[in-house]
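Letters A, B, ... mirror the listed sequences (proteins, then strands); counts begin at 1.
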Amino acid sequence: MSDEITVVKCGGGLSAHRETICQDLAAVAAGGPVVLVHGGAAQLDELAAQLGVPQRRLRTPGGSSSRYTDPATLDVLLMTMAGRVKPALVASLSRHGARPMGLTGMDAGLVTARRAGAHKAVVDGRTRMIRDDHSGRIHAVDPAPLHLLLDAGLLPVLSPPALGTEGEPVNVDADRIAAAVAGVLAERRPVRLVLLTSAPGVLRDPEDPGSLLPRLTVSAGSLGEADARGGMTAKLQAARAALDSGVSQVVVADGRITHPVREALAGAGTRIEKAAPFESGNV
Amino acid sequence: MSDEITVVKCGGGLSAHRETICQDLAAVAAGGPVVLVHGGAAQLDELAAQLGVPQRRLRTPGGSSSRYTDPATLDVLLMTMAGRVKPALVASLSRHGARPMGLTGMDAGLVTARRAGAHKAVVDGRTRMIRDDHSGRIHAVDPAPLHLLLDAGLLPVLSPPALGTEGEPVNVDADRIAAAVAGVLAERRPVRLVLLTSAPGVLRDPEDPGSLLPRLTVSAGSLGEADARGGMTAKLQAARAALDSGVSQVVVADGRITHPVREALAGAGTRIEKAAPFESGNV
Amino acid sequence: MNVACPECVADVKVAQQPELNEILECGECAGELEVISLDPLMVAVAPEAEEDWGE
Amino acid sequence: MNVACPECVADVKVAQQPELNEILECGECAGELEVISLDPLMVAVAPEAEEDWGE
Ligand SMILES: [Zn+2]
Ligand SMILES: [Zn+2]
């Protein structure tokens, strides 16, 4: 058994590959501690459509865009993450011999968050004051319950939401949960982070699967030479945060292959590295 | 801190009293280990109606009636239990100072079940072979993960489904989960079981709240003098199973009052007792 | 509508709209038959239930 | 449709169908106003956002 903890993030877009991912995770978990963090944006949209809950985006003055997590969407998010995506992962991991334990960030106050305060954003083309958005930023991750479960041979299966300061659910980004979890676990033990995606890794040109970057150097002011758009930007920011917290290895890799985690650890995908201080010209 | 574990079962019908129940549970949990087991039948029916999933009953040749847990209903059950009822309990318990951890019976293989085999049942007035019913009977409860969480000061919040022998979710009765959990925990430590209900306790006449039985003696062949119908029969069978497993105290009590758990432990409701062998005439 | 009992070959009467997996009883041999196909209508001897699964 | 700016009392033009919590800008003093009631239409000076919550 290795002492090194492997944290794997798996997005909802990879649900078609759940069985192979879980089989691979169970194999890795047989050799050392594993934490799985999952999202489920595609499944959230699907359930919201089934229930007739409109999904809207918020665009902030800062230019970023995020899901408008109003109370109805928060309900759909909980049902999706805790009631659909997670049980399917727990069942699959169990069938492959692992001992998974499904958690949201709320459980045991594992992931705490500060909910967004009243802020201005553009919704459906109009600027509005937003007061009922249940999304926010990670405040802290408590590593104690995770170490407890890992030491008992369990495989935590973690997802949003986090627990807000008023004891309410708060939607936070799953990539950031993965990075924050890897970061706090790294305070005590060596940790590697694998971010599974629906591409071969980070591409120089998103349209060209052949433009895979085997290595990518990020710094405080730059996400390197990747043409990072949309979801990949968030992933690379999370990767950088994990490296800053002492995570020893961060890989963005393909979740659609037969042994996605073991291949990523063996060199597939894109290894993210921190610029050495003297290299970082554009901080 | 007491060494005695308090297992509390709370049905979905008590959702209007969630805050007072959780406040009381948190107070009890501050003094000793607590496990909460919950159902959510009413919430399941509500979500099934929202999603247009018809709910049917199975009537077996043996005369009993149960929810027809077809695949669509199992999906609704998971979303209800893990995605709606449990997060609301976890959030409320957190607000009241407890450290809850939400679990289904699938997590860590906590509650394993044997799924019903092909069997005949009457559905909508017609006798049919049923092969797609995802309900079953509890096979075993693993006390180890529960002791692990309790020893760490956490409050497990447990619900159906259980984990089937093929690694699939299986719907089992929440009262029976509570009884089985109390039973296996009692192998190592003293355990008391409180079954919260929407009545003052067990009534001699269900129409007359004044007919509360302060004590009720059950035996292998009899559920005593209670006019037990519907849900109460299942509760009393669970109570009897818990007593048979060495649980020291079983109370059926009112979940609608201000301190439901503490009052139940102080003598409110109906205390269920096992007939001494010489008393049990109708075994 | 009728169907032949696979056990005793007697005619078994079928309701207007049979359902898949519905159980019919043969009036002749009292055997239990399961509807295993609707179009064409086919029945087979119903398997024994493993046990009473009601709780 | 117009509404008076609570800061400078200038007339502020409102879209055909204003929404609750919508932000309007006063052409006169450039202040940001929030629609706090639709019927009757009422606006108030919009609070400062605590910070940019985009990630
Ligand atoms: Zn016949
Ligand atoms: Zn003005």
Side-chain angles (χ1 to χ4, degrees), chain A residues 22 26 40 43 47 50-53 74-110 112 142 144-145 147-149 151-157 159 161 163-170, chain B residues 22 26 40 43 47 50-53 74-110 112 142 144-145 147-149 151-157 159 161 163-170:
Chain A
C22 286
Q43 290 81 351
L47 182 58
Q50 279 184 272
L51 289 167
V53 174
L74 181 66
D75 177 45
V76 176
L77 181 142
L78 278 163
M79 288 196 285
T80 302
M81 297 293 177
R84 266 192 173 159
V85 178
K86 197 185 308 297
L89 290 166
V90 166
S92 180
L93 287 164
S94 298
R95 283 193 294 273
H96 291 109
R99 296 189 64 219
M101 186 173 272
L103 302 167
T104 74
M106 298 174 71
D107 290 311
L110 209 52
T112 47
D142 181 0
H147 284 300
L148 180 78
L149 299 179
D151 290 347
L154 296 169
L155 194 166
V157 180
S159 76
L163 186 68
T165 43
E166 311 290 320
E168 80 281 26
V170 175
Chain B
C22 286
Q43 290 82 351
L47 181 59
Q50 278 184 273
L51 290 167
V53 174
L74 182 67
D75 176 46
V76 176
L77 181 141
L78 278 163
M79 288 196 285
T80 301
M81 297 293 177
R84 266 193 172 159
V85 177
K86 197 185 309 297
L89 289 167
V90 166
S92 180
L93 287 164
S94 298
R95 283 193 293 272
H96 291 109
R99 298 190 61 220
M101 185 172 275
L103 303 166
T104 74
M106 297 174 72
D107 289 311
L110 209 52
T112 47
D142 181 1
H147 284 299
L148 180 78
L149 301 178
D151 290 347
L154 297 169
L155 194 165
V157 180
S159 76
L163 186 68
T165 44
E166 311 290 320
E168 79 281 27
V170 175

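Heavy atoms closer than 4.5 Å to chain B are found in the side chain of A/P145, but not in its backbone. Heavy atoms of B/A152 lying under 4.5 Å from chain A belong exclusively to its side chain. Contact of B/D142 with chain A is made through the side chain alone, with heavy-atom distances under 4.5 Å. Heavy-atom distances place the side chain of A/L47, and not its backbone, under 4.5 Å from chain B.
Taking CD of A/E168 as the reference point, atom OG of B/S94 lies at 10.5 Å (rounded to 0.5 Å). Considering CE of B/M79 and CG of A/L78, their distance stands at 12.5 Å, rounded to 0.5 Å.
The residue among B/G164, B/A108, B/G153 with the most heavy atom pairs within less than 4.5 Å of chain A is B/A108. Note: A/L148 leads A/V90, A/L148, A/T80 in heavy-atom pairs under 4.5 Å with chain B.
Shortest non-hydrogen contact noted between B/D107 and A/G102 is OD1-N, 2.7 Å. Of all non-hydrogen atoms in A/G167 and B/A91, the two that sit nearest each other are O-CB, 3.4 Å. Contact detail for B/M101 and A/M101: the closest heavy-atom pair is SD-SD, 4.1 Å. Of all heavy-atom pairs between B/G83 and A/A82, the closest is CA-CB, 4.2 Å.
Residues satisfying the side chain to side chain contact (heavy atoms under 4.5 Å, CB included) criterion with A/S159, sequence neighbours excluded, are A/H38, A/M81, A/K86, A/T104.
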